[in-house]
Peer 1: 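The structure follows.
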Amino acid sequence: MNTEHPATSALSGMDSVEMAALLPLDKPFRAKQIYRWIANGARNFEVMTNLSASLRDELSSRFTVFSTSISQTLTDTDGTVKLQIELSDGSMVETVLLTDEKGRKTACVSCQVGCPMGCAFCQTGHIGYLRNLEAAEIIEQFYHLEDSVGKLDNIVFMGMGEPLLNLRAIRKTIAILTDPEGRGLSKRRITISTSGLCEGIISLADEGPTVRLAVSLTTANSELRKSLMPVTLSNPLPELKKAIAYFSGKTGSRVTLEAAVMAGVNTDELSAQEMASFARDLNVHINIIPWNPVSGLPFTTPTNKEVRAFVHALVRLGLNATVRMRRGKSIQGACGQLGSRPTEERNDI
Ligand code: SAH
Ligand code: SF4
């Protein structure tokens, strides 16, 4: 398994201090100019017209603005867009644009090629794991989407991979995207979703960045969670609960508990009671995600009636719970469906 980061000289993942140190610039302030150009949509040096022609030529011969390219764009009738993005080493990741009923646009980005966590119900967990993405490779997913559809409102780290296993690159991505001198995205518009790595949650609480946190609880039954999400073996539920309480205590923010629900697996009355006792004294909101089909996996999507009954049971038990609408169905772009083969997807459209 190759977990090394490939070296890239792409500027998209650098801040202006790094650019000033690396680039052969005639004046130090040029670094900030280039940094701003990229945040404002420049994808090559030729368009940076406030740099001299000779500097642009030299930069073009030694560096690139981007390290990735779009290999395929799929669009669903509900407005969801999925980009397949080719990395410089030839591997592929997927990134999804979600548009809500108010027209707000959210980028759902990947942070790893594949995922090592092995959740039983997730397509990405079944394709295995190759490596972490670099900051440039994550930022470019956001910018590729902005180039396709215009300014985005939010970014969620809910694509392929486990963000808390790649915190270094995620911190850098967030620092660059939120920099007021660059793209200037608000931290309140950023959500990291984790399968439940306690150490990473505590590190986020202690060292930031102070973004929103979502935890994929799925079920509060320990034995069932161990079988569905092997992360539970090394991050038991009582520890996870403490980490969530620590995060919301320290940051003052409400955490989202996500639960992918599968017919006859984690939607009965007992499941609701277990979830209620896990969540009762936490500052959380519960987001129910009816399972999105992944071919070859032994689960079934629950009926609307089953989902409604589960949500009602949670609400009756005093929890704040809602259902996430499924988007990107026809392009395999919904939660947990990323990573299916391009050829399979072409058959779908
Ligand atoms: N790795 C991170 C973020 C990516 S997964 C995490 O696990 O949190 C994003 C969400 O999709 C998670 O809440 C996950 O539980 C859910 N999910 C995975 N597979 C799914 C599927 N087939 N149907 C519905 N939700 C799924
Ligand atoms: Fe990885 Fe998240 Fe899928 Fe689990 S649900 S395998 S952590 S991407």
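We count ligands from 1, going down the list as the structure has it; atoms in each ligand are counted the same way.
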Peer 1: Atom 21 (C) of ligand 1: which protein heavy atom is closest, and how many Å away?
Peer 2: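 Closest protein heavy atom to atom 21 (C) of ligand 1: Cys335 O, 3.3 Å.
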Peer 1: Would you mind listing which atoms of ligand 2 come within a distance below 4.0 Å of any non-hydrogen atom of Gly125?
Peer 2: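 Under 4.0 Å from Gly125, ligand 2 has these atoms: 6 (S).
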Peer 1: I'd like to know whether ligand 1 has Gly161 as a neighbour, heavy-atom separation below 4.0 Å.
Peer 2: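 So Gly161 counts as touching ligand 1.
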Peer 1: Taking distance alone, with N or O pairs closer than 3.5 Å, would you say Gln123 contacts ligand 1?
Peer 2: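 Between Gln123 and ligand 1, no N or O pair is found under 3.5 Å apart.
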Peer 1: Identify the protein heavy atom lying closest to atom 2 (C) of ligand 1, giving its residue, its atom name and the separation to 0.1 Å.
Peer 2: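 The closest heavy atom on the protein side is Ser193 O, 3.3 Å.
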Peer 1: Are any of the N/O atoms on Pro290, whether in the backbone or the side chain, positioned under 3.5 angstrom from an N/O atom of ligand 1?
Peer 2: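 Pro290 vs ligand 1: no N/O contact under 3.5 Å.
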Peer 1: Relative to the heavy atoms of Thr194, which atoms of ligand 1 are at a distance of less than 4.0 Å?
Peer 2: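 Listed by number with element: 6 (C), 8 (O).
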Peer 1: Which atoms from ligand 2 have a heavy atom of Cys115 less than 4.0 Å away?
Peer 2: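 Checking each atom against Cys115, I get 1 (Fe), 6 (S), 7 (S), 8 (S).
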Peer 1: Starting from atom 4 (C) of ligand 1, what is the nearest protein heavy atom, named by residue and atom, and what distance separates them?
Peer 2: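 Going atom by atom, the protein heavy atom closest to atom 4 (C) of ligand 1 ends up being Gly159 O, 3.2 Å.
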Peer 1: Any idea which protein heavy atom is nearest atom 14 (C) of ligand 1, and the distance to it?
Peer 2: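 Looking only at protein heavy atoms, the one closest to atom 14 (C) of ligand 1 is Ser216 OG, 4.0 Å.
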Peer 1: Measure the distance from atom 19 (N) of ligand 1 to every protein heavy atom, then report the residue, atom name and distance (to 0.1 Å) of the closest one.
Peer 2: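 Protein heavy atom at minimum distance: Gly336 CA, 3.0 Å.
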Peer 1: Relative to the heavy atoms of Glu258, which atoms of ligand 1 are at a distance of less than 4.0 Å?
Peer 2: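 Going through ligand 1 atom by atom, the ones under 4.0 Å from Glu258 are 13 (O).
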Peer 1: Nearest protein heavy atom to atom 5 (S) of ligand 1, by residue and atom, and its distance?
Peer 2: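 Heavy-atom neighbour on the protein nearest atom 5 (S) of ligand 1: Met158 O, 4.1 Å.
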Peer 1: Tell me whether Cys122 has at least one N, O or S atom under 2.8 Å from atom 4 (Fe) of ligand 2.
Peer 2: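 Short answer: no, not a single N, O or S atom is under the cut-off.
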Peer 1: Please work out whether the ring planes of Phe299 and Phe121 are parallel, tilted or perpendicular, with thresholds of 30° and 60°.
Peer 2: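 It falls in the perpendicular class, over 60°.
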